Every structure is written in C-alpha cells, then in structure tokens.
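The block underneath contains the structure these notes are about, expressed in structure tokens.
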Protein chains: 2
Amino acid sequence: MARRNDHSREELQSMAIDAARAIISQEGIEGVSARKVAQKIGYTVGTLYQSFENIHDLVLHANAFTLSELLAELDVAAGASRDPQQRVLKIAETYLRFAEGHERQWAAVFRHSLPRGHIMPDWYQARVDALFALLENALRTLAPRRSRQSIQLASRTLWSSVHGICILHTGDKLFSDSIASPQALLQSLVKHYLHSWLNEGKSG
Amino acid sequence: MARRNDHSREELQSMAIDAARAIISQEGIEGVSARKVAQKIGYTVGTLYQSFENIHDLVLHANAFTLSELLAELDVAAGASRDPQQRVLKIAETYLRFAEGHERQWAAVFRHSLPRGHIMPDWYQARVDALFALLENALRTLAPRRSRQSIQLASRTLWSSVHGICILHTGDKLFSDSIASPQALLQSLVKHYLHSWLNEGKSG
DNA sequence: AGCATAATTGAACAATGTTTAATATTCAAG
DNA sequence: CTTGAATATTAAACATTGTTCAATTATGCT
C-alpha cells in the first residue's frame, strides 16, 4: 500500500494527469481508463476518485493542459511577425502544426464530450477564451479602427474556419485525394478573407 | 424466439439501423449499445452480429444514413438559387440548419471514430465525396474559367471553414458569449472569401 | 417425416466506470 | 510512547459495455 505521505493530493493529481496525457498521446482518448491511469501511477482506482469527480473530470484536466501548451505556442507565434497580416497567417499555421504534432492530444480536446447536463467548468472555459482572444487581438492591431463587433465577427469566422481546416485534415482524413495541402487551404483562407475584409467600406 | 422468416436479413439490418438512429437522436451516440439496439428491434445481441461486424459498423451505417439525408437537403438547396454566389451561401446555410436540426445525428457523424487500423469503407467515403463534389460544382459554375486545381482548393477551403463554423456552434458551445450568430459567421466567410477569390487575377 | 442448414438464443468473458466497507497510515493529544 | 481520531488506500463488488460461441430452434428440401 502506498503510504499516505508519499505524495500530496496535488502531486497525485498531477501524476494522474500526466499519466492520462501519456496514454492519450500513445493510444488516443479511447485508451484512457481509470484502472490504466491508476496502475501507471502506482495506486488503485479508488484513490483516483478522491482527486477527480469522475473519469471525464480527469480527461478534462488533461485536455486543459493541452490547451495551455497550444496557447503558449500561439503566443510565441503571435509575437514573431511584424506584419500584422503575416501574424494572422502565422497563428493559423502554428495551430495547424500543433494539431499535426500533437494529433491525439488535440483530437482528445475536441472529441471529448461531457456527460449530459454537465457544463464546462470556468477554469476550462477560460483557456478556450484565451485562444479566441489571441486572434482577436491580432485582428485589432490589423484594423484598429474597426468596431469591436466587426472584429469579433471576423476573428470568430477566421478561427472557426482555421479550426475546420485542421479538423478535416487530421485524423479522419475526410479528403480522400490529397491534392491540396492543409497549408494551402490556410493560406487561401487567410489571404482571401482578410483581403476582402480589410477593403470593406473603402471600395463599397 | 423470433422466427427466422419474420424478417429478412435486409429488413433486420434496416431495423437495426433505424433503432440506432432513434437512439442517437434521443440520447446521442454515447447512448448506443448493442443490447439496447437489439432490444428495440426484438432480438438479442448475438443476432446483431450476424448483420454487422461490430458496433462501429452499425453506427457507421446509421451515420451514412445521416449523410444521405444531408446530401438530399443540400441538393435541393443547390438547385434553389439562380445566382451562383447566392447558391454557395445557400449551401452553407443549409448545412448549418441541418446541423442544428439534427444535432445529435450530425455530432455522431463527426464524433465517431473507427477502431485503430480500420479504414473507412468505400460506400461511406463515397457519400463524403458527394458532399464535397456538391460545393465543387457550385464553384465551377461560379467561375467556369478557373483551373480544376484552383476550384478544388477553393471548394475545400470553403467547405472546411463552413464545417468549422458549424462544429464550433453546435453542441460544445465553444463561444461563451453569443454576440455573433453562426449565420453571420457564414455570411461573412462566404462573402469575403468569394469576393477576393473571384477577383483574383483581375486586379493583381 | 426426417434431415441438413442456418438463424437465434442465452450464457459466458474481459473490460469499463463507480461505490463502499474494510484496512492501513498518519498525526495530534495525553 | 501509546492511544485514538481522522483519513488515505485498497480490494471487492455492481452494473454495463462489446464480443464470442455452444446449444437450441426454426426452416426448407428430399
């Protein structure tokens, strides 16, 4: 029996989250089970249920970690380019690269669904909001005079679209023939959407 | 014991698929289980396994049905508008409306993942390809002189983007504040992307 | 009617999430 | 240092999952 003070409650939590992340990255989210996580950290299932409400709770923590990693990379990308338009493209490309490089982790974030009736916890929603805010800020510097509403509309349109391109590219491979690379799709999207969006009002 | 000739193999299959679809539309894909489907059609689990390889196979058939429904609605939408650009928007809006109106069915299509190593069957991939072809055709009539490659690139970019908007709108409600409606996002996307795409080469 | 074929069942298996009584460990008080 | 209260941990149990398969039952042909 593991001694009580071998690990604090916090240590145990982060050990479990790490274990879950390891399983996800190797076998995908379907491979995660309470017993497997417990065995990986040298405890039994019951102990897990003292730190996590249920298995969804544990997965949610693992996914939050993934979101934080993603946010960190996007933050770097957002700061790298001088040209604001290049910055938007860079963000999109970094998002795609992350999805490719952490395919199972990333899939886990968007495949996982909470049990019915449960709502997303604040600490999780906060991470998601931070992602959206990132692109919103990039657009704000790109078009400082546009209204808040206009910028929100554009940033969400772009974000959803980039997300859609990544979704359809990774994993399920919905496109049977791979003539157009996802990078090309991103480039086409950002270029054309921004081109028209930036000229809106000027010539119409 | 159900008599052998009560239902032919084909009848049994379609009964099972209908049952699965009913469960999906009521409880979502997580609610589908072999026993529940079997009980709904008045047979036992074992019988299901004579018509379907495994539970994923059954879900796949249910999802294919959903794709066919979607394709039918999109076909109508594509024929409704005279103006080719309006047609593209109409397709996108119809896609969104379908996702909203058949939320669980639609989520089942994109949440379901095959067991590792299994590839998507041809009869399923064919339905997916038909969806893509629909938008591709709309773009072809919109810009008949563009190269095949250019049209493929644009149609996939648009399709992925529309898909992304629908994904982020339904179910998980990733946008915590709902200032911009998904319809507004679609409109913004189609309008701006097409505007720039159509003028490409003319002014640059 | 009897027989071969095949559909259907029911029970079994391992693995899943989750709960809980029993046990082991720690820490503080005497 | 011992005792006892508090609590971390375990092991076993439960229901439910997907899947298989020998046994049973219905069918159709001779």
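These numbers come from a predicted model, not from an experiment. In what follows, every chain begins at residue 1, and chains take the letters A, B, ... in the order their sequences are listed.
For B:Thr44, the listed nucleotide lying nearest its side chain is C:dT9; candidates were C:dA7, C:dT16, C:dT9. For A:Thr47, the side-chain atoms get nearest to D:dT10 when compared with the rest of C:dT9, D:dT19, D:dT10. Minimum atom distance to the side chain of A:Ile55 is reached by C:dG17, of the listed C:dT9, C:dG17, D:dA8. The listed nucleotides are D:dT17, D:dA8, D:dT20; the one nearest the side chain of B:Lys36 is D:dT17. When distances are taken from the side chain of A:Val45 to each of C:dA11, D:dT10, D:dA12, the shortest belongs to D:dA12. For B:Arg9, whose side chain is taken as the heavy atoms from C-beta onward, the closest listed nucleotide among C:dA7, D:dT19, C:dT18 is C:dA7.
Nucleic acid contact for A:Leu12: sugar-phosphate only, since backbone atoms but no base atoms lie under 4.0 Å from a heavy atom of the residue. Using a 4.0 Å heavy-atom distance criterion, A:Val32 is classed as a sugar-phosphate-only contact.
Distances shown here put every side-chain N or O of A:Ser33 at or beyond 4.0 Å from the OP1 or OP2 atom of C:dA15.
Distance, B:Gln50 CD to C:dA6 C1': 8 Å, rounded to whole Å. A straight line from CZ of A:Arg35 to C1' of C:dT18 spans 9 Å, rounded to a whole angstrom. Summarising the geometry, the separation between CD on A:Glu30 and P on D:dT17 is reported as 17 Å, rounded to the nearest angstrom. One atom, CG of B:Asp57, and another, C1' of D:dG18, lie 14 Å apart when rounded to the nearest Å. What separates CZ of B:Phe52 from P of C:dT8 is a distance of 13 Å, to the nearest Å. A:Ile41 has its CD1 atom 14 Å from the C1' atom of D:dT10, to the nearest Å. In this structure, the CG atom of A:Asn54 is 13 Å from the C1' atom of C:dT19, given to the nearest Å. Atom CD in A:Gln13 sits about 12 Å away from atom P in D:dA8, given to the nearest Å.
Checking each of A:Ser196, A:Ser161, A:Ser188 against B:Tyr193 for a side-chain hydrogen bond (donor to acceptor under 3.5 Å, both in side chains) leaves exactly one that passes, namely A:Ser188.
B:Ser25 places a side-chain N or O within donor-acceptor distance of the main-chain N or O of B:Ala22, the cut-off being under 3.5 Å.
Within a 6.0 Å sphere centred on CG of B:Asp83, other residues, nucleotides and ligands contribute more than 12 heavy atoms.
A cation-pi arrangement is absent between A:Arg111 and A:Trp106, since the terminal nitrogen or guanidinium carbon is not both under 6.0 Å from the aromatic centre and inside a 45° cone about the axis.
For the residue pair A:His61/A:Tyr124, the side-chain donor-acceptor check at 3.5 Å is not satisfied.
The nearest heavy atom of DNA chain C to B:Leu48 and to A:Gly31 marks one nucleotide each, and the one closer to the 5' end goes with B:Leu48.
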